[in-house]
Structures are given as structure tokens and as C-alpha cells.
Number of protein chains: 2
Amino acid sequence: MSFNQLKLTNQLCHRLYMASNSIVRAYRELLHALNITYPQYVVMMALWEQDKITIAELLEKTAIDGGAMTQILKKMVDKCLLEIVKDHQDKRKRLVQLTKQGQALKLKAVDIPNEIGCKFESINSEQADQLMRLLDLVISDLRV
Amino acid sequence: MSFNQLKLTNQLCHRLYMASNSIVRAYRELLHALNITYPQYVVMMALWEQDKITIAELLEKTAIDGGAMTQILKKMVDKCLLEIVKDHQDKRKRLVQLTKQGQALKLKAVDIPNEIGCKFESINSEQADQLMRLLDLVISDLRV
DNA sequence: ATATGTTAATTTGCATGCAAAGTATTTGCA
DNA sequence: TGCAAATACTTTGCATGCAAATTAACATAT
């Protein structure tokens, strides 16, 4: 691998780091009205799609760290967005379930994707698609 | 914008979030031997390229948050990797300068880019280049 | 049936990322 | 000259991300 490519890889990683921070910052602004953070929004998205799933399934869907998830869910319970109930089949497991408030928040969040989409002025549908495919390669390569 | 594209944008953001976390995790492993974190490595990269610059310039180069930078530099001073000296021209400014140890670490870090590069098995040079260009668009669009 | 290993979650400790408030300095302008 | 606005940083408080250690509950092999 050439020197230039080595430098490219380093720069690529730095760009990914910058882009991710930018994304979270952009969402922060929009989510402020809903009083949730980006990781909390990701959790809500997962639950709006499929409610009453185990924490393990939620971890799988969101790719959020397990240790962080415990804290995040705790805060969301405090906000009355969801509740955590025991699984009587397997007492190790716990099920995450939206409250009425949590379900209702979906309506308030309906414009978020559009508002985020509007920020991507210079990226068209094909580029977004391509970017997504490339990111999947990165994620897949880095998965041990 | 169609529903599918809205969903795509959301997924794109999530992928960026996942990819960035994966990158930092991958570096963590490699940087463990050097006893520094990824943001600290980014600071070192900037200083190896140009030493004795102001904190503002370092913020510009690294895209690290100002509040975080103060803490990061403090830890790096504790590790004797760099020192912070006053700028006599403008007493508001402070200059960041590598110590001998900080300079010497460059040699130990010489293989890092290659080791990271090796992890990207399924991405060739052109794809990396393209990914970088797309990320620049994202970063640019999200910059207020 | 019991010891061992595996799973599902939580806890802890450390390092950011970021907004907002605070502290010096320096500039710019009336 | 004098003072408000702009700069360059630091501090504080809150929310993760992650590794490592723990706890509780299943699974399995012997």
C-alpha cells in the first residue's frame, strides 16, 4: 500500500469522525423540541418499528453499546417514554415497551427525517445510496 | 422527497454513527500500545505535521471541540507528550509544542496507518477516495 | 442432580462531545 | 482615552461510548 493511500485511510477515518459528530449535532438541534438525544431517538425509531422487544434485540437494532443502553433506557423511563418489564419465560431478559407518551411522540417526530434530509443539499439520492453502501463495507470490515 | 428517501437519510445517519464508532474502536486497540486515545492521536498527527501552533489552529486542524480540547491537552501534558507555552505577542493565545517524548512517539506510531488500512479489506483505493468525497459533502452540508 | 459455562443486563471508571457560562486580552470605535 | 464587542481559552454539567468486572438466571455435560 502506497504512502498516499496510508494517508488517505487516516484522512478517511478523520472525515468519518467529523461527519458523525456533525450528524449528531444536527439531530441535537432538531430533537431538542422533543427533549431527546440522538441515541434516544435511535431507540425510539427501533421501538416505533417494533415494540416490546428485549434489550438484546434493541442493542442489535441500534448498535448502541450495552453499558450505555442501560443508562439511556433509564433516562427514557424517567421521561415516561417507555417502561421495562420482565420476561416471564426467561427471567434474565427484560422487555422494552413504549408508553402512550412514547407512542404519541412518533407524531411529533414525523418531520425529523425531512428536516434532516433538507440539510443534505448537495447530495442526491444516488449519492446517498452509494455512500450507504460504502459505509456498510467499512462497518463490515471493522466488525471483528 | 419520497418516503423511501426519507428513510434512506435516517439510515445513512445511523450508518455514519456506527462507522465512526467502529473506527474509534479500531484505533483504540492499536493505540493502546501508545497509551493514547483516538482524539489524542489526531492531535499528535496535527503536531507531527506542524509543531508549535496555537490551540485555535489545533482546533481548526483536528475539528475537536474546544471544551474537549482543553481536557485532552491537559491529559497529554500529564503524559509529557507536549507542553503549552504562552504567546508573548498575544497573551490570550497559547502555543502547543511537542516534547522530545512527543516527537519520539512518531516513530512508534509509524505503523498505525498501515494497520488500520489492513482492516479495510473490501475497500479499494478508488472507493476510499469516493467515500472521502461524499463525506466532505456531508460535512460541508452540515456546517452551519 | 450438580458443577460449569453461557447469556442477559447492570455497574463502574475513564475519555470525550457539546452547549453555555465565565475569564482574560485585545480590538475597534466613538 | 475609554469602553463595548470580539477573541482565545477554560470550566461546568450532562449524555454517551467502551472495556472490564459483576450479578442473576438459563443450559449443558457428566
Side-chain angles (χ1 to χ4, degrees), chain A residues 14 16-32 34-43 53-60 62-79 84-96 142-144, chain B residues 14 16-32 34-43 53-60 62-79 84-96 142-144:
Chain A
H14 191 227
L16 272 166
Y17 163 83
M18 288 170 69
S20 174
N21 286 341
S22 300
I23 297 268
V24 173
R25 214 176 308 137
Y27 270 104
R28 182 189 311 268
E29 204 180 317
L30 299 177
L31 293 173
H32 186 260
L34 306 190
N35 189 33
I36 56 175
T37 64
Y38 180 63
Q40 289 170 18
Y41 174 67
V42 172
V43 167
I53 58 181
T54 65
I55 294 183
E57 289 169 322
L58 200 49
L59 290 175
E60 172 68 23
T62 61
I64 290 173
D65 171 72
M69 183 63 87
T70 299
Q71 311 304 320
I72 291 172
L73 290 178
K74 199 173 288 176
K75 292 190 181 78
M76 295 176 80
V77 168
D78 289 345
K79 291 179 193 171
I84 299 175
V85 300
K86 290 180 184 172
D87 181 332
H88 296 294
Q89 262 65 51
D90 187 336
K91 289 180 181 170
R92 289 171 305 180
K93 298 183 183 176
R94 299 173 71 194
L95 296 167
V96 183
L142 294 182
R143 186 156 26 217
V144 190
Chain B
H14 191 227
L16 271 165
Y17 163 83
M18 289 170 68
S20 174
N21 286 342
S22 300
I23 296 270
V24 173
R25 215 176 308 135
Y27 270 104
R28 182 189 312 269
E29 203 181 316
L30 299 178
L31 293 174
H32 186 259
L34 307 191
N35 189 33
I36 56 176
T37 65
Y38 180 64
Q40 289 169 18
Y41 174 66
V42 172
V43 167
I53 58 180
T54 66
I55 293 182
E57 289 170 321
L58 200 50
L59 289 174
E60 171 70 23
T62 60
I64 291 174
D65 171 73
M69 184 62 87
T70 299
Q71 311 304 322
I72 291 171
L73 291 179
K74 199 173 290 178
K75 291 191 182 75
M76 296 176 80
V77 167
D78 289 345
K79 291 178 194 170
I84 299 175
V85 299
K86 290 179 183 172
D87 181 332
H88 296 295
Q89 262 66 52
D90 187 336
K91 289 180 181 171
R92 288 171 305 182
K93 298 183 183 176
R94 299 173 72 196
L95 296 166
V96 183
L142 294 181
R143 184 152 29 213
V144 189

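All chains are named by letter (A, B, ...) in the order of the sequence lines, taking the proteins before the strands, and each is independently numbered beginning at 1.
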Straight-line distance of [X] [atom1] to [Y] [atom2], nearest 0.5 Å:
X	Y	atom1	atom2	result
B:Tyr38	B:Ser20	OH	OG	8.0 Å
A:Leu59	A:Met69	CG	CE	4.5 Å
A:Thr70	A:Lys75	OG1	NZ	10.5 Å
A:Thr54	A:Gln89	OG1	CD	12.5 Å
A:Leu34	A:Gln40	CG	CD	10.5 Å
B:Leu95	B:His88	CG	NE2	9.0 Å

So which one's nearest nucleotide on DNA chain C is more toward 5', A:Ser22 or A:Lys93? A:Lys93

Ranking A:Glu57 and B:Ile72 by the position along DNA chain C of their nearest nucleotide, the one closer to 5' is A:Glu57

Measure from [atom1] on [X] to [atom2] on [N] and round the result to the nearest Å.
X	N	atom1	atom2	result
A:Ile23	C:dC18	CD1	C1'	16 Å
A:Ile55	C:dT7	CD1	P	18 Å
B:His32	C:dA15	NE2	P	11 Å
B:Leu95	D:dA8	CG	P	13 Å
A:Arg25	C:dG17	CZ	C1'	8 Å
B:Asp65	D:dG13	CG	P	17 Å
B:Asp78	C:dT16	CG	P	12 Å
A:Met69	D:dC18	CE	P	12 Å

Along DNA chain D (nearest heavy atom to each residue), the more 5'-positioned of A:Pro39 and A:Asp90: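 That would be A:Pro39.
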
If you pin B:Arg28 and B:Ala68 to their nearest nucleotides in DNA chain D, which one's is more 5'? B:Ala68

Counting only Watson-Crick or G-U wobble pairs whose two distances fall under 3.5 Å, which nucleotide matches C:dA30?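 WC or wobble partner is D:dT1.
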
Answer with base, sugar-phosphate or nothing: what part of the nucleic acid does B:Thr37 contact at a heavy-atom distance below 4.0 Å? sugar-phosphate

Should [X] be listed as having a side-chain N or O under 4.0 Å from OP1 or OP2 of [N]?
X	N	result
B:Tyr17	D:dT16	no
A:Lys74	D:dA15	no
A:Arg92	D:dC26	no
B:Gln89	C:dT25	no

Nearest to side-chain heavy atoms of [X], which nucleotide of [options]:
X	options	value
A:Asn21	C:dC18, D:dG17, D:dC18	C:dC18
B:Gln71	C:dT10, C:dA19, D:dT11	D:dT11
B:Gln40	C:dT16, C:dA19, C:dG17	C:dT16
B:Thr70	C:dT26, D:dT16, D:dC9	D:dC9

